[in-house]
Amino acid sequence: MWLNRDIVSIGDLSVEEIMEVLDRANKMLPYASTGHPRKPLADKIVATLFYEPSTRTRLSFESAAMRLGARVLSLGSLEESSVAKGETLSDTIRIINSYSDAIVLRHPSEGAARLASEYADVPVINAGDGAGQHPTQTLLDMFTIWKELGQINGKSIGFVGDLKYGRTVHSLSKALSLFDVSLYFISPEELKIPKHIKRDIEKRIPVKETKNLDEIIESLDVLYVTRIQKERFPDIEEYKKVAGVYVIRPSLLSRGRKNLIVMHPLPRVDEIPAEIDNLPQAKYFKQASNGIPVRMAILDMILGSE
Ligand code: CP
């Protein structure tokens with residue numbers, strides 16, 4: 001079931017499969033900083049191809065692979081590869097397919113990972129495709145909620161910020177809709193969650209949309225904050241209208257539930273000031289570090305150590 005499987009969209013995973021990944025990630029936790037003693041992927045090579053900037057996703061995949069004993073091939077900067085000569089994604093994938101056992105791909109075009117999976121025999125893992133999906137971020141986000149709050153069912157999760165372009169929001173809200181949760185979408189009019197995603201979610205669970213974070217903070221177990229993604233706006237003037245629209249302050253969090261947690265996929269800009277970092281609600285650095293056990297679990301499952 002998992003062997004050689006592509007991880008392109010979170011929609012390809014059932015609730016049982018999501019929970020299987022979280023369970024496996026929990027088992028990987030003790031090895032996340034020391035490395036797995038059996039080095040189960042010692043004969044494997046994992047390739048990372050990033051056509052967009054990344055710190056967490058690329059390095060945590062590379063670290064996870066190394067912690068499992070695999071070796072890592074990285075395309076490196078696009079200027080130093082044949083992408084700079086105009087090589088197509090499909091040709092690049094055909095080549096890397098024969099150099100590696102799995103391909104981790106980030107690309108600015110929605111659908112790029114699905115396309116790559118059609119040209120590769122080895123599994124392709126979507127590390128973010130434009131404003132599309134970021135399924136492994138979703139799995140580490142769900143792992144964080146599960147570990148911090150004990151369960152996912154019964155929780156209220158509020159997404160705030162750039163819900164239009166935020167692929168982490170698109171993936172996570174879709175996955176959460178498979179559980180018994182309530183979702184709140186908090187954004188300015190210009191950055192509302194795309195209608196097709198909202199419609200899909202509303203078939204399964206209640207959803208509330210608002211511009212006003214103040215009015216719903218008391219209802220939340222999780223406040224999932226996102227960066228307003230300047231680079232995705234076709235017109236910089238449109239970005240300027242909404243830049244800095246939500247800033248999380250201690251006074252806001254003090255009105256929240258006792259066990260409220262604040263998450264953010266990072267990087268942040270100004271939406272979470274440093275004064276929040278040492279509050280008990282702040283879980284975003286823990287969330288980023290959960291990328292290691294979760295990505296170890298995924299690599300181990302699809303590259304088949306057992
Ligand atoms: N959360 C996330 O995808 O971070 P990077 O862009 O640094 O990979």
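Order of listing sets the numbers, starting from 1, for every ligand and every atom in it.
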*Is the backbone N or O of Leu260 less than 3.5 Å from a side-chain atom of Asp221, with the two atoms forming a donor-acceptor pair by type?*
no

Starting from [atom], what is the nearest protein heavy atom, named by residue and atom, and what distance separates them?
| atom | value |
| --- | --- |
| atom 4 (O) of ligand 1 | Arg56 NE, 3.1 Å |
| atom 1 (N) of ligand 1 | Pro265 O, 2.8 Å |
| atom 7 (O) of ligand 1 | Thr55 N, 2.8 Å |
| atom 6 (O) of ligand 1 | Arg106 NH1, 2.9 Å |

*Can you find an N/O atom of Arg58 closer than 3.5 Å to an N/O atom of ligand 1?*
no

*To the nearest 0.5 Å, tell me how far Thr168 OG1 sits from His264 NE2.*
8.5 Å

*With rounding to the nearest 0.5 Å, note down the distance linking CD in Glu20 to CD in Glu17.*
7.0 Å

*Residue portion contacting ligand 1 (non-hydrogen atoms closer than 4.0 Å) for Leu266*: backbone

*Closest approach of Pro123 and Ile302, non-hydrogen atoms and distance?*
CB-CD1, 3.9 Å

_Per-atom contacts, ligand 1 versus Gln137 - under 4.0 Å to a heavy atom_ = 1 (N), 2 (C), 3 (O)

*Numbered atoms of ligand 1 (with element) below 4.0 Å of Thr57, judged on heavy atoms*: 2 (C), 3 (O), 4 (O), 5 (P), 8 (O)

*Over 60° means perpendicular and under 30° means parallel, so classify the ring planes of Phe185 and Phe159, tilted if in between.*
parallel

*NZ/Lys211: more than 12 non-hydrogen atoms of other groups inside 6.0 Å*: no

